[in-house]
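Structure record follows, encoded as structure tokens.
Basis for what follows: all heavy atoms, side chains included, without hydrogens, waters or symmetry-related copies.
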Amino acid sequence: MRAIWYDRTGPAREVLELGERPTPQPGQGQALIRVRASGVNPSDAGMRAGPAPMAYPRITPNSDGAGVVEAVGPGVAQSWVGKRVWFYNGQRNGRAFGSAAEYIELDVDLLGELPDDVSFAQGATLGIPCMTAHRSLFLAGPVQGRTVLVTGGAGAVGHYAVQLAAWAGATVIATVSSEDKAQRAREGGAHHVIDYRREDVAARVRELTGGQGVHHVVEVDFGGNLAATLASVRMNGSIAYYATKGAREPVFAAGAAMGLNLQINSVYLPVSPHEARRRAQADITRWIATGERILAVAGRFPLEDCAGAHELVESGGKVGTVVVEP
């Protein structure tokens with residue numbers, strides 16, 4: 001089969017290679033998937049770029065994707081064969097060879113069924129972004145009838161969090177950085193949008209919630225948004241953050257947070273509890289089947305130009321997920 005790989009970290013066009021690798025065979029509990037679309041996450045590009053050392057001598061990048069099950073291994077029902085599926089963690093958790101290839105073998109535990117009216121490219125946008133959004137949204141409990149703040153509500157994870165929160169019956173407040181992104185958040189179901197570059201986020205949240213604050217926050221930058229986020233949460237509220245680029249080791253008023261009895265949670269999908277990931281897969285599969293969803297593809301590249309896909313991700317400003325199509 002044709003596949004992309006790298007044997008050293010560095011710029012995409014310098015280290016990514018296209019060549020032939022043996023087609024894998026499904027093992028115990030696994031399915032063999034003909035990859036039709038491979039999703040590129042910022043973490044995929046980041047691992048390839050370095051400076052962290054190589055986790056394996058050779059890596060095929062990209063963790064997410066969508067395709068068709070062509071064969072199954074021992075212990076897997078034959079009914080999987082022929083199914084359209086979306087998947088995640090293709091190059092995570094002890095796996096060196098991801099989805100930038102014509103085939104991938106994965107535990108069926110990592111697969112979800114893809115409805116016929118969802119394209120493979122759209123299916124490849126789910127994976128880590130949507131699974132992370134689900135975990136961050138529901139980690140502290142149900143959100144129906146509650147008010148949720150999603151920071152970065154137009155980003156890959158944030159936009160899924162907005163959509164899932166609205167689907168689950170929450171009132172959604174989203175922060176964005178431009179009018180274009182505000183429109184994207186509204187289209188995803190946000191009831192209120194705050195431009196954090198022009199408005200005082202905490203003051204606006206208090207205004208929108210009658211001075212009470214939100215029940216839960218899905219946070220894109222815990223360290224960078226810390227002051228505003230803590231001032232936006234109500235008594236006995238909760239925060240789940242999946243990134244903290246603004247400050248890797250933030251300092252905050254622990255006593256004030258304790259006084260509010262806040263629940264503060266970090267989210268890292270690959271090691272999240274198995275039952276939480278299974279619930280996320282089931283909910284996402286059910287949600288996308290409703291037809292009321294926006295699965296944004298930011299760019300489509302052939303396997304030969306996987307480097308171009310990685311470069312687009314690294315350039316920033318994309319709307320949605322970049323995909324590679326073997």
Side-chain angles (χ1 to χ4, degrees), residues 41-43 46 128-143 146-168 170-178 181-182 184-185 188-197 199-206 208-209 212-254 256-273 276 280 316:
N41 289 292
S43 56
I128 288 176
C130 200
M131 293 282 288
T132 298
H134 186 284
R135 176 64 175 158
S136 300
L137 179 63
F138 296 108
L139 182 150
V143 299
R146 293 175 171 260
T147 303
V148 174
L149 172 63
V150 179
T151 64
V157 175
H159 198 233
Y160 278 134
V162 166
Q163 294 184 76
L164 288 169
W167 172 69
T171 296
V172 186
I173 303 172
T175 68
V176 298
S177 60
S178 70
K181 291 182 178 180
R184 175 169 161 80
H191 301 86
H192 308 283
V193 179
I194 302 170
D195 186 336
Y196 66 81
R197 290 184 173 172
E199 301 177 88
D200 183 319
V201 172
R204 186 78 176 107
V205 166
R206 292 288 170 178
L208 292 169
T209 59
Q212 296 299 304
V214 299
H215 296 90
H216 183 65
V217 181
V218 175
E219 179 56 71
V220 66
D221 187 356
F222 183 65
N225 298 332
L226 186 55
T229 297
L230 290 177
S232 298
V233 190
R234 67 176 62 198
M235 184 79 69
N236 296 309
S238 52
I239 300 168
Y241 68 93
Y242 58 91
T244 183
K245 292 184 178 179
R248 295 291 296 175
E249 298 180 2
V251 177
F252 69 101
M258 185 172 66
L260 290 172
N261 198 39
L262 293 185
Q263 179 181 344
I264 300 176
N265 308 276
S266 56
V267 173
Y268 180 51
L269 182 65
V271 294
S272 292

State, with a plain yes or no, whether a side-chain heavy atom of [X] is found less than 4.5 Å away from one of [Y].
X	Y	value
V150	V157	no
L139	S238	no
L230	I239	yes
V217	V148	no
D195	S178	no
V220	Y241	no

Under 3.5 Å, is there a donor-acceptor pair between the side chain of [X] and the main chain of [Y]?
X	Y	answer
N41	S43	no
D200	A203	yes
E199	V201	no
H215	R146	no
T132	L269	no
R206	Q212	yes

Separation between [atom1] of [X] and [atom2] of [Y], rounded to the nearest 0.5 Å:
X	Y	atom1	atom2	answer
L137	W167	CG	CH2	10.0 Å
N236	Q263	CG	CD	10.0 Å
Y196	K181	OH	NZ	6.0 Å

Audit row: I194, V176, side-chain contact (heavy atoms from CB on, under 4.5 Å) steps and yes/no: CA-CA 6 Å; I194 302 170; V176 298; over 6 Å; no
Exactly one candidate in T175, I173, V205 meets side chain to side chain contact (heavy atoms under 4.5 Å, CB included) with S232; the answer is V205
F222 and side chain to side chain contact (heavy atoms under 4.5 Å, CB included): which single residue from T151, I264, T229 fits? I264
R234, CZ: over 12 other non-hydrogen atoms inside 6.0 angstrom: yes
If I compare all heavy atoms of [X] with all of [Y], which pair ends up nearest, and what's the gap?
X	Y	answer
A174	G153	CB-CA, 4.1 Å
G223	P250	CA-CB, 3.8 Å
M235	G259	SD-O, 3.5 Å
G189	A166	O-CB, 3.9 Å
S136	A240	O-CB, 3.3 Å
A190	V162	N-CG1, 3.6 Å

Ignoring hydrogens and geometry beyond distance, is a side-chain donor-acceptor pair present between R184 and H159 at under 3.5 Å? yes
If only side-chain N and O atoms count, and only distance matters, is there a donor-acceptor pair under 3.5 Å linking T171 with H191? no
